[in-house]
Amino acid sequence: MRSLFLLLILVGSFACTSENAHKEEFGKLVDLLADQMSDEIESVVIIPLENACSSCSQMTIVKLPRMEGIEKSSMHLIFTARSGKLIEETLTDAGLEDFQIQKDPSYEAWKMGMVDNNPSYYLLKQGELIEKGGITFENVDEQLLKISKHLEKK
């Protein structure tokens, strides 16, 4: 009986911690997106261009325009670096015109811990964060497919 009670307390505190973590992450997204945040944004992909796995970032950039059958305007891309010039150079001829793009030349996403060495994705539904994860060289196809399926569920 005592162990059941302890288990219930642990499960309840984990659920609250998980919910609070999602609210905290969503708050960071709102801060990062500032006046661009809206219910129309269903996914956010943050792509670090410095201190990053360049293969992971480049593979993500290359594969994004090739995603078929999704409303790309619902996907918000944030490019983060300490240099606006690096962001501009990266975006030149990247083929990402159909996406919502935000430049983060002050590296705020990195400072807030929203991205590390790999790109990160955040899936939103009705203004709430429902899932977040990382995109690596090994799983870029799988993660972009997950984002694509999420956007198709309109």
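Not measured: the values here are computed from a predicted model.
- Between the NZ atom of K72 and the CE atom of M67 there is a distance of 7.5 Å, given to the nearest 0.5 Å.
- The CD atom of E97 lies 13.5 Å from the OG atom of S73; values are rounded to the nearest 0.5 Å.
- Side-chain heavy atoms closer than 4.5 Å link hydrophobic residues (I, L, V, M, F, W, Y) into clusters, and following such links, even through other members, never connects I78 to V62.
- Taking CG from D116 and CH2 from W110, the interatomic distance works out to 6.0 Å, rounded to the nearest 0.5 Å.
- In this structure a side-chain-to-backbone donor-acceptor pair under 3.5 Å is present from D104 to A109.
- N118 has its side chain out of reach of I135: every pair of non-hydrogen atoms, C-beta onward, lies at least 4.5 Å apart.
- Looking only at distances, no side-chain donor or acceptor of K125 sits under 3.5 Å from a matching main-chain atom of H150.
- Between the side chain of K132 and the backbone N or O of M114 there is no donor-acceptor pair closer than 3.5 Å.
- Formation of a donor-acceptor pair under 3.5 Å by the T90 side chain with backbone atoms of L86 is found in this model.
- Of all heavy-atom pairs spanning I61 and L49, the tightest one is CD1-CD2, 4.2 Å.
- Atom CD1 of I47 is separated from atom CD of Q58 by 9.0 Å, given to the nearest 0.5 angstrom.
- Of the possible polar contacts, one joining the S57 side chain to the P48 backbone as a donor-acceptor pair under 3.5 Å is found.
- Counting all heavy atoms, side chain and backbone alike, E71 lies closest to L151 at O-CD1, 4.2 Å.
- The two atoms that bring I101 and L96 nearest to each other are CD1-O, 3.5 Å, heavy atoms only.
- For residues 135-146, the set of pairs meeting the salt bridge (Lys or Arg N to Asp or Glu O under 4.0 Å) definition, not counting sequence neighbours, comprises K63-D141, E131-K146.
- Ionic pairing of K85 and E88 is not present here: no N-O contact between side-chain nitrogen and carboxylate oxygen is shorter than 4.0 angstrom.
- Looking only at side-chain heavy atoms (C-beta outward), N51 and Y107 come within less than 4.5 Å of each other.
- Nearest heavy-atom pair across F137 and C56 is N-SG, 3.1 Å.
- Surrounding NZ of K149 are at most 12 heavy atoms belonging to other residues, nucleotides or ligands under 6.0 Å away.
- Residue S148 holds its OG atom at 9.5 Å from CD of E68, rounded to the nearest 0.5 Å.
- When all heavy atoms are compared, the tightest approach of N139 to G134 is ND2-O, 3.7 Å.
- No donor-acceptor distance shorter than 3.5 angstrom exists from the side chain of Q143 to the backbone of G133, with no hydrogens or angles considered.
- How far CD1 of I147 is from OG of S74: 12.5 Å, rounded to the nearest 0.5 Å.
- For I87 against K103, the heavy-atom pair with the smallest separation is CG2-CG, 3.6 Å.
- Shown here are the ring pair (Phe, Tyr, Trp, His ring centres under 6.0 Å) partners of Y121, two or more places apart in sequence or in another chain: there are none.
- Side-chain heavy atoms closer than 4.5 Å link hydrophobic residues (I, L, V, M, F, W, Y) into clusters, and following such links, even through other members, never connects L123 to L145.
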